[in-house]
Amino acid sequence: MGVVNVTPDSFSDGGRYLDASAAIAHGELLAEQGAAILDVGGESTRPGSDPVPAEEELRRVVPVVEGLAGTARVSVDTSKAAVAAAALDAGADYVNDVTAFRGDPDLVGLVAERRVDCCLMHMLGTPRTMQDDPRYDDVVADVKAFLEARLAFAVAEGVAEERVMLDPGIGFGKTVAHNLELLARLDELAALGRPLVVGVSRKTFLGKLTGRDVGERAVATAAANVLALERGASVFRVHDVPETLDALTVAAATLAGGWPVTSPRTTTTTT
Ligand code: HH2
């Protein structure tokens, strides 16, 4: 899943693709590089960020979804039903809601009615406050119980279970230690039986571990994604598609103990 942020303030690429044509060109590049899903978002959820009014989010997201429809699957990264509805009308077929249907009471009904896939993510608190001393009894058990409850809620509201993917919400109300424990014990979340999405890309915990600035975290991102794959994740939300795809291709082949695993990639050398 390639990230297309149409925002002035995203933590790693804010302002770079605010113009619709730049965002569409970027999404096309990510698809060419191997992204199967393009996740288009018009509201930053970085720590400390403020919500964006629906009209502004719509203005940012809809032309980009329209421009990318047909290039790859298009996901809309929103917690607002009005934005999701317009994005689905414009060609998206996946709703990525970082509030797991807690942000807008109308979103779950929309996803049920349109019969589209969705991602429900764990977050402690809101983006404004989530990094202020987050605490858990047992971060993995707490996140697992939350995701199980949100999955049950979605199904009770009419979303088919097979439409739901779950995400531990790396960086959303978590310390470095919380993020590492979630990744190390991801197999416990995989036991919920739904595909797992992970979003580690360029995040602060990788900077704290490596000392690298936000634009220099592609290798760290790929390493975390490889371990997430090994523990059962199946969707990897990233800004740097080629690096992560190479790492995942090699990791998947190694885990499978054979070649080819999925679609073979062409290469210019034979060694
Ligand atoms: N992380 C971000 C945004 N959306 N969605 C899911 N499912 N999982 C994630 O981990 C996730 C997400 C934050 O990253 P980014 O979009 O790059 O930054 P910003 O929120 O500042 O736009």
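Counting convention: from 1, in listed order, for ligands and their atoms alike.
Here Asp39 has no heavy atoms under 4.0 Å from ligand 1, in either its backbone or its side chain. Residue contacts with ligand 1 for Ser44 involve both N, CA, C or O and side-chain atoms from C-beta outward (heavy atoms, distance under 4.0 Å). Looking at Lys203 against ligand 1, only its side chain comes within 4.0 Å, counting heavy atoms. Within the 4.0 Å heavy-atom criterion, both parts of Thr45, backbone and side chain, lie near ligand 1. Heavy atoms of Thr7 found under 4.0 angstrom from ligand 1: none, in either backbone or side chain. With a 4.0 Å heavy-atom cut-off, ligand 1 is reached by the backbone of Arg46 and by its side chain too.
Aromatic pair His122/Phe172: centroids not less than 6.0 angstrom apart.
Of the N and O atoms on the side chains of Thr7 and Glu43, not one donor lies less than 3.5 Å from an acceptor on the other residue. Side-chain contact, Asp19 with Ser21: a donor N or O sits under 3.5 Å from an acceptor N or O.
Not a single N or O atom of Glu43, backbone or side chain, sits closer than 3.5 Å to an N or O atom of ligand 1. For ligand 1, the polar-atom distance check against His239 finds a nitrogen or oxygen pair separated by under 3.5 Å. Considering both main-chain and side-chain atoms, Asp13 never comes within under 3.5 Å of ligand 1 through any nitrogen or oxygen pair. Considering backbone and side-chain atoms alike, Gly169 places every N or O at 3.5 Å or more from each N or O of ligand 1.
Looking at Val238, Asn5, Asn96, Val235 and measuring to atom 5 (N) of ligand 1, the nearest heavy atom belongs to Asn96.
Note that OH of Tyr94 and CZ of Arg73 are 7.0 Å apart. Values are rounded to the nearest 0.5 Å. The structure places CZ of Arg163 at 8.5 Å from CZ of Arg115, a figure rounded to the nearest 0.5 Å. Annotation: the span from Glu243 atom CD to Gln33 atom CD amounts to 7.5 Å, rounded to 0.5 Å.
Taking the side chain as every heavy atom from C-beta outward, Asp39 and Arg237 approach each other to under 4.5 Å.
In this structure, Ser12 does not count as a contact residue of ligand 1, since none of its heavy atoms falls inside 4.0 Å of the ligand.
Other residues, nucleotides and ligands contribute more than 12 heavy atoms inside 6.0 Å of the CZ atom of Arg114.
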